[in-house]
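Okay, structure first, notes after.
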Amino acid sequence: MKKKGLFLPFAGILFLFAALLSSCGSNPESAESTATESETVEPPVMITSQAYGQLEDGRTVDQYQLKNANGMAVEVITYGGIITSWTAPDRTGAYENVVLGYDSLSQYLANNPYFGAIIGRYGNRIAKGQFVLEGTTYELATNDGPNHLHGGLKGFDKVLWSADTATTAEGASLILRYESADMEEGYPGNLSVQVTYTLTPDDALQVDYEATTDKATIVNLTQHSYFNLSGDFSQTILDHELMIAADQYLPVDATLIPTGELAPVEGTPFDFREAKAVGRDIGADHPQLELGKGYDHCWVLNEQGSMRRVASAYHPGTGRQLEVFTDKPGIQFYSGNFLDGTLPMPGGGTYGHRTGFCLETQHYPDSPNQKDFPSVVLRPGETYETRTTFKFSTK
Ligand code: BGC
């Protein structure tokens with residue numbers, strides 16, 4: 001497969017700037033090493049791309065790799081904006097892939113439970129696939145029992161995005177764009193969407209979402225990576241220690257639609273305010289755990305309306321830690337309950353029950369039908385703008 005190196009005009013300048021800054025520090029060793037490196041001028045975060053495969057209609061799907069000097073590499077394909085691989089360090093400094101995925105486009109096309117994908121127009125469920133906006137009733141596909149899930153039959157996870165690259169002061173970015181036509185999947189308005197993945201030199205991936213419309217519509221975009229910080233996908237995620245900064249969560253009905261109640265987590269298995277192992281209470285006798293077949297709920301994040309640290313996950317065996325920052329009101333924690341040992345793992349075997357978890361930052365499920373939930377309506381002249389950052393470290 002052909003590899004094209006991409007020209008990064010400002011990266012060299014950035015690197016020189018970084019080198020200058022670190023040479024001002026007190027560590028003589030780092031001053032010496034940057035002096036020699038500055039002669040070869042490597043950008044702190046590199047982007048390369050290659051052809052990944054072809055869709056049935058002949059269009060090419062590309063794969064981009066963002067890689068920083070530490071060794072973190074994030075691979076993204078233009079189909080669905082899917083993160084196919086994402087390496088993170090363990091406490092010995094070894095970078096290993098920590099997201100579930102497949103090893104070919106045909107597998108993503110055949111049956112993908114949203115591994116790594118961008119989700120839209122509406123992440124999560126809308127009851128009975130219906131909502132009323134400005135007096136008009138809209139009908140969406142019911143692709144999850146009686147409900148609409150993750151944008152419908154052909155959501156943003158199943159479309160081809162156009163790609164651009166850039167370097168900024170924050171790192172290197174892959175900019176994905178998609179024009180969603182008026183009434184696509186039943187949603188009103190031509191929606192211009194942009195999702196930017198920016199890898200930083202300090203092992204964080206920023207996901208910036210932007211959208212504008214020419215007619216009132218609803219938008220709720222999210223990222224659906226399944227993490228397993230052990231790097232060993234034959235292991236469950238039950239030993240991961242999870243923290244969610246939320247005093248309340250949204251109980252659901254039998255079809256996983258919120259009942260409308262904001263319930264306190266206190267005294268329930270849904271209390272993750274202090275980090276605890278995912279497996280500690282997942283088997284508890286609680287009606288909400290029965291309905292979700294485990295955790296598959298949206299938490300009402302504290303400190304609404306600000307960018308803040310909302311969740312962290314830690315794998316004690318490897319020391320890997322993931323922290324999630326967002327300005328969104330909610331987070332869906334899904335404990336991989338529907339993984340059932342039927343989907344193929346790269347290198348052989350299949351993904352077993354609860355071998356990956358998702359932390360999907362978002363607005364609350366079914367918001368268009370719940371008058372007390374924050375609005376998800378986007379109108380002409382407004383810009384939908386939101387950021388989520390995934391930061392890796394070790395401890
Ligand atoms: C949902 C789960 C669903 C999964 C699909 C999650 O976002 O909350 O209920 O099964 O996506 O893989």
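Computation of the quantities below employed the complete heavy-atom set of this structure, encompassing side-chain atoms and omitting hydrogens, waters and symmetry-equivalent molecules. Both counts, for ligands and for their atoms, begin at 1 and track the order of listing.
With Phe115 as reference, Tyr351 is the one residue of Tyr351, Tyr108, Tyr79, Phe227 to meet the ring pair (Phe, Tyr, Trp, His ring centres under 6.0 Å) rule.
A tilted orientation is assigned to the rings of Trp161 and Tyr178, their planes being inclined by 30° to 60°.
Applying the side chain to side chain contact (heavy atoms under 4.5 Å, CB included) rule to Arg177 yields the partners Ser162, Asp164, Ile175, Gln194; only residues at least two apart in sequence or on another chain are considered. Applying the side-chain hydrogen bond (donor to acceptor under 3.5 Å, both in side chains) test to Asp271 and every residue at least two apart in sequence or in another chain returns Arg273. Listed by chain and number, the residues in a side chain to side chain contact (heavy atoms under 4.5 Å, CB included) with Gln370 are Ile257, Pro258, Asp366, Phe373 (sequence neighbours excluded).
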Just the distances, no angles: every ligand 1 N or O to protein N or O pair closer than 3.5 Å, one line each.
{"from": "ligand 1", "atom 1": "7 (O)", "to": "His150", "atom 2": "NE2", "distance (Å)": "2.9"}
{"from": "ligand 1", "atom 1": "7 (O)", "to": "His224", "atom 2": "NE2", "distance (Å)": "2.9"}
{"from": "ligand 1", "atom 1": "7 (O)", "to": "Glu360", "atom 2": "OE1", "distance (Å)": "2.7"}
{"from": "ligand 1", "atom 1": "7 (O)", "to": "Glu360", "atom 2": "OE2", "distance (Å)": "2.8"}
{"from": "ligand 1", "atom 1": "8 (O)", "to": "Asp296", "atom 2": "OD1", "distance (Å)": "2.5"}
{"from": "ligand 1", "atom 1": "8 (O)", "to": "Gln332", "atom 2": "NE2", "distance (Å)": "3.2"}
{"from": "ligand 1", "atom 1": "9 (O)", "to": "Arg125", "atom 2": "NH1", "distance (Å)": "3.4"}
{"from": "ligand 1", "atom 1": "9 (O)", "to": "Arg125", "atom 2": "NH2", "distance (Å)": "2.6"}
{"from": "ligand 1", "atom 1": "9 (O)", "to": "Asp296", "atom 2": "OD1", "distance (Å)": "3.4"}
{"from": "ligand 1", "atom 1": "9 (O)", "to": "Asp296", "atom 2": "OD2", "distance (Å)": "2.4"}
{"from": "ligand 1", "atom 1": "11 (O)", "to": "His150", "atom 2": "NE2", "distance (Å)": "3.1"}
{"from": "ligand 1", "atom 1": "11 (O)", "to": "His224", "atom 2": "NE2", "distance (Å)": "2.9"}
{"from": "ligand 1", "atom 1": "12 (O)", "to": "Pro113", "atom 2": "O", "distance (Å)": "3.1"}
{"from": "ligand 1", "atom 1": "12 (O)", "to": "Tyr226", "atom 2": "OH", "distance (Å)": "2.8"}

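Ion pairing between a basic and an acidic side chain is recognised when a charged N comes within 4.0 Å of a carboxylate O; Glu134 and Arg379 show such pairing.
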